Amino acid sequence: MDFELTEPEQRFRDRLRQWLQANLPPGWGTTLFEPVDLYAKVAFLKDWSRKLYAAGYAGLSWPKEYGGAGATLMEQVIFNEEVARFKAPTPYNGIALGMVGPTLIEVGTEAQKQRYLAKMLTCEEIWCQGYSEPGSGSDLASLQTHAIQDGDEFVISGQKVWTSYAHDAAFCFLLARTDTSVPKHKGLSCFIVDMHSPEITIRPLKQITGESEFNEVFFDNVRVPRTHLVGELHNGWMVGIGLLMHERATTSILGQANVQVMMQELIALARQQGRHQEPIIRQRLAQLYIESEAMKYYGYRCLTRRLRGLPPGPEGSAHRLALTRLVQRLQELAMELEGPYAQLLHGSPWAVQDGVWQFSFLRSRSATIAGGTAEIQLNIIGERVLGLPRG
Ligand SMILES: Cc1cc2nc3c(=O)[nH]c(=O)nc-3n(C[C@H](O)[C@H](O)[C@H](O)COP(=O)(O)OP(=O)(O)OC[C@H]3O[C@@H](n4cnc5c(N)ncnc54)[C@H](O)[C@@H]3O)c2cc1C
């Protein structure tokens with residue numbers, strides 16, 4: 001990988017820096033939007049996403065004909081790094097931007113691309129992802145929600161769980177069983193489901209952070225036109241896994257930039273307390289720093305693969321696993337440094353922002369579960385990277 005930015009890339013970065021400086025809302029980064037203010041936070045993030053879109057910074061690497069900016073993947077990476085560096089809000093509608101959109105660009109029909117992609121970028125239509133079920137998380141292919149063909153429609157019934165943003169979503173990218181007579185991986189299909197259908201019930205679930213970002217979703221004979229099928233009938237496993245590969249690649253590229261910033265803040269926290277002088281704290285900080293640098297270069301290695309036109313591969317699992325575990329250890333050290341103040345949301349003398357470390361510590365627990373647990377990533381690395389026999 002060439003670590004130097006080309007001249008056009010440098011110009012892109014400089015323009016973006018100027019734009020962020022000029023457009024970041026006053027006071028951003030000084031107040032934690034607390035769980036009670038979740039709706040205000042969402043309204044703010046949608047507004048911010050629209051500003052990004054108007055300035056040509058949304059859907060950077062998506063084709064122009066679908067509302068994207070037609071920029072290079074490298075420019076997308078520069079964008080992520082600068083957003084992390086400025087601690088600017090990330091664009092809202094992450095499931096659409098990071099997963100569903102790229103999947104539709106790859107395998108959607110022309111009509112689907114024209115209909116859905118641009119409205120993802122403007123946040124006019126929020127998307128959720130309906131994969132996990134009460135009995136099917138890691139073993140996703142065993143899912144039971146079924147879609148039965150009835151003329152030109154499919155009738156969908158079943159239950160999904162942990163469905164992030166379902167309460168705010170216009171559409172769900174749903175994985176459902178369409179054939180029960182074949183091995184479990186072969187009888188699945190992907191659908192676009194209108195979340196305003198009256199046959200859908202959504203129940204929020206409370207998270208450890210106090211927010212209710214994910215939900216239980218019940219489908220009771222929801223009718224979906226055949227035109228809402230994504231990819232071929234019964235080929236949903238390949239389409240659905242392709243989407244997860246995008247998820248892992250997106251999380252890694254974004255996560256890596258955030259870890260560098262988090263590391264600097266952790267060092268600042270230790271300095272602020274004078275604890276950076278303590279040998280054990282120094283060693284732990286140094287170890288985390290070494291790992292965060294290693295993550296940066298491993299991330300660039302994964303990126304090089306993408307820049308060469310290859311799809312995100314299973315090595316993304318190794319990066320994601322190491323990165324998510326690193327984030328959790330960073331957060332744990334922050335809590336240790338805060339000492340008894342770690343229990344307070346307000347009033348810690350060490351906090352740059354009230355409750356930020358506490359919130360991100362609690363939030364980080366989900367990093368090794370969402371999008372495939374750490375154990376499942378280990379299985380993928382064992383089987384697909386190291387070529388070990390299936391366990
Ligand atoms: C913040 C958050 C947001 C989420 N958002 C969404 C969403 O929008 N849409 C969606 O569909 N899902 C979502 N999920 C669900 C997520 O994908 C699942 O939680 C995850 O896939 C694990 O499934 P599970 O919870 O059913 O756990 P299980 O699969 O029941 O696993 C339980 C434990 O057993 C271990 N285990 C299971 N199988 C194996 C194996 N073969 N080898 C070794 N260990 C194993 C797991 O690692 C885990 O520790 C979200 C989860 C979180 C935390």
Side-chain angles (χ1 to χ4, degrees), residues 35 38 42 90 92-101 103 120 126-145 156 158-177 184-185 188 190-193 195 200 202-219 230 236-237 239-248 250-251 254-255 317 320-321 324-325 327-328 331 359-384 386 388-391:
L38 190 60
V42 168
T90 46
Y92 196 62
N93 214 5
I95 289 178
L97 302 191
M99 298 181 248
V100 184
T103 304
M120 292 178 179
I126 304 301
W127 284 69
C128 63
Q129 173 203 8
Y131 279 26
S132 308
E133 297 185 3
S136 307
S138 302
D139 183 15
L140 186 59
S142 69
L143 60 83
Q144 297 297 314
T145 295
I156 298 175
Q159 186 199 338
K160 297 289 174 182
V161 72
W162 318 124
T163 320
S164 306
Y165 312 109
H167 56 283
D168 195 21
F171 294 102
C172 178
F173 190 89
L174 185 98
L175 195 55
R177 186 162 304 286
K184 58 184 183 178
H185 293 86
L188 300 171
C190 289
F191 295 94
I192 296 168
V193 180
M195 288 300 283
I200 294 178
I202 301 165
R203 288 197 203 139
L205 292 164
K206 197 143 190 153
Q207 293 157 224
I208 192 172
T209 53
E211 295 176 310
S212 289
E213 214 171 61
F214 53 34
N215 306 266
E216 290 179 296
V217 184
F218 300 85
F219 299 83
V230 181
W237 184 247
V239 176
I241 289 298
L243 179 138
L244 288 181
M245 288 294 192
H246 283 294
E247 178 177 23
R248 281 163 203 167
T250 308
T251 320
L254 266 176
S317 291
R320 185 171 191 274
L321 176 70
T324 48
R325 287 184 164 170
V327 167
Q328 289 178 344
Q331 297 290 347
F359 181 84
S360 51
F361 166 74
L362 292 173
R363 180 105 205 176
S364 74
R365 306 318 298 166
S366 70
T368 43
I369 305 173
T373 67
E375 290 74 21
I376 295 304
Q377 308 295 335
L378 283 168
N379 284 345
I380 294 173
I381 295 163
E383 289 162 19
R384 293 210 255 147
L386 302 177
L388 300 176
R390 288 178 74 88

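Counting from 1, the numbers follow the sequence of the chain as shown. All of these numbers come straight from a predicted model, not from anything done at the bench. First listed ligand is number 1; within each ligand, the first listed atom is number 1.
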J.: Note the single closest protein heavy atom to atom 20 (C) of ligand 1, along with its residue, its atom name and the distance in Å.
T.: Ile369 O, 3.6 Å
J.: Using a distance-only test with no angle check, is there a side-chain donor-acceptor pair under 3.5 angstrom linking Thr163 and Gln129?
T.: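 The answer is no; no qualifying pair exists.
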J.: Using a distance threshold of 4.0 Å (strictly less than), state whether atom 32 (C) of ligand 1 has a protein heavy-atom neighbour.
T.: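 Given the 4.0 Å cut-off, atom 32 (C) of ligand 1 does not count as touching protein heavy atoms.
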J.: Hey, looking at atom 3 (C) of ligand 1, which of Gly382, Ser164, Ala169 has the closest heavy atom?
T.: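 Comparing heavy atoms across Gly382, Ser164, Ala169, the nearest one to atom 3 (C) of ligand 1 lies in Ser164.
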J.: Which residue and atom name correspond to the protein heavy atom nearest atom 6 (C) of ligand 1, and how close is it?
T.: Trp162 O, 2.7 Å
J.: Output yes when the distance from some N or O of ligand 1 to some N or O of Tyr131 is under 3.5 Å, and no in every other case.
T.: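 There is such a contact, yes.
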J.: Is there side-chain contact between Asn215 and Leu205, with heavy atoms separated by less than 4.5 Å?
T.: no
J.: Nearest protein heavy atom to atom 49 (O) of ligand 1, by residue and atom, and its distance?
T.: Glu375 OE1, 3.5 Å
J.: Taking the side chain as every heavy atom from C-beta outward, state whether Phe171 and Phe191 have any pair of such atoms under 4.5 Å apart.
T.: no
J.: Looking only at protein heavy atoms, which one is nearest to atom 37 (C) of ligand 1, and what is the separation?
T.: Ser138 OG, 3.5 Å
J.: For Arg363, check side-chain hydrogen bond (donor to acceptor under 3.5 Å, both in side chains) against everything at least two apart and list the hits.
T.: Glu211, Glu213
J.: Looking at atom 52 (C) of ligand 1, what's its closest protein heavy atom, distance included?
T.: Ala370 CB, 3.5 Å
J.: Any side-chain heavy-atom pair from Cys190 and Phe173 closer than 4.5 angstrom?
T.: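 In contact.
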J.: Compute the minimum heavy-atom distance from Cys128 to ligand 1 and say whether it is under 4.0 Å.
T.: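 Flag not set, Cys128 not near ligand 1.
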J.: For the residue pair Tyr165 and Tyr92, categorise the inter-ring angle as parallel (less than 30°), tilted (30 to 60°) or perpendicular (more than 60°).
T.: perpendicular
J.: Atom 26 (O) of ligand 1: protein heavy atom closer than 4.0 Å?
T.: yes
J.: Rounded to the nearest 0.5 Å, what separates atom CG in Leu388 from atom CD1 in Ile381?
T.: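 Rounded to the nearest 0.5 Å, the CG-CD1 separation comes out at 10.5 Å.
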J.: Please list all pairs meeting salt bridge (charged side-chain N to carboxylate O under 4.0 Å, His left out) that have one or both residues in residues 160-173, counting only residues at least two apart or in different chains.
T.: Lys46-Asp168, Glu133-Lys160
J.: Any luck finding a side-chain donor-acceptor pair between Thr324 and Thr368 under 3.5 Å?
T.: no
J.: Quiz question: by atom type and distance under 3.5 Å, do the side chains of Gln331 and Ser364 form a donor-acceptor pair?
T.: no
J.: Against heavy atoms of Ile376, which atoms of ligand 1 measure under 4.0 Å?
T.: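 Numbered from 1, ligand 1 contributes 38 (N), 39 (C), 40 (C), 41 (N).
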J.: Checking contacts here: is it the side chain or the backbone of Phe214 that comes within 4.0 Å of ligand 1, counting heavy atoms only? Could be both or neither.
T.: side chain
J.: Answer whether the closest heavy-atom distance between the side chains of Pro204 and His167 falls below 4.5 Å.
T.: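 Sidechains of His167 and Pro204: no contact.
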J.: Counting non-hydrogen protein atoms only, what is the nearest one to atom 11 (O) of ligand 1? Give residue, atom name and distance.
T.: Ser132 N, 2.7 Å
J.: Hey, are the side chains of Gln207 and Phe214 touching, using non-hydrogen atoms and a 4.5 Å cut-off?
T.: yes
J.: Any nitrogen or oxygen of Asp139, main chain or side chain, under 3.5 Å from a nitrogen or oxygen of ligand 1?
T.: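 Min N/O separation from ligand 1 is not below 3.5 Å for Asp139.
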J.: Please report which non-hydrogen protein atom sits nearest to atom 22 (C) of ligand 1, along with the residue it belongs to and the distance in Å to one decimal place.
T.: Thr373 CG2, 3.6 Å
J.: Who's the nearest protein heavy-atom neighbour of atom 9 (N) of ligand 1, and how far?
T.: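 It is Gln129 O, 2.7 Å.
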J.: Suppose I only count heavy atoms of Gly371 and a 4.0 Å limit; which atoms of ligand 1 are within that range?
T.: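 Reading through ligand 1 atom by atom, the close ones are 17 (O).
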J.: Within 4.0 Å of atom 35 (C) of ligand 1 (strictly less), any protein heavy atom?
T.: no
J.: If you take the nearest heavy atom of each of Gly137, Gly240, Ser366, which one is closest to atom 53 (C) of ligand 1?
T.: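 Among Gly137, Gly240, Ser366, the closest heavy atom to atom 53 (C) of ligand 1 belongs to Ser366.
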